[in-house]
Amino acid sequence: MGKHITPPPPSGRAEDVNLREALEERYFQYALSTIMGGPCPMPAMAEAVHRRILYGMHILRLDPGAAFKNARKSSAT
């Protein structure tokens, strides 16, 4: 998948590592593991709490194609 990073040498001296490259590599590995083990593709495979969230979103018509909805309650009483 990516470069294998070896542990520091036994002498206790740290070797110079390009911080940017090291962080990019680790973030890439994290992102791939998140995507691969991420959300389940079918609601039927979701746990009960996730099904309730999906159902609530359906009732509120919260879908990607819907218009923006403000989270604040209306001031009309």
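Along the sequence shown, residues are numbered consecutively beginning with 1. Quick caveat: nothing in here was measured; it's all calculated off a predicted structure.
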Other cluster members, V17 - Ile/Leu/Val/Met/Phe/Trp/Tyr, side-chain contacts below 4.5 Å: none
List the steps and the verdict of salt bridge (Lys or Arg N to Asp or Glu O under 4.0 Å) for R20 and E24. CA-CA 6 Å; R20 181 183 181 103; E24 284 176 352; 3.2 Å; yes
Roughly how far, to the nearest 0.5 Å, is the CG atom of L23 from the CZ atom of F28? 15.0 Å
From L62 atom CG to I53 atom CD1, the distance as rounded to the nearest 0.5 Å: 12.0 Å
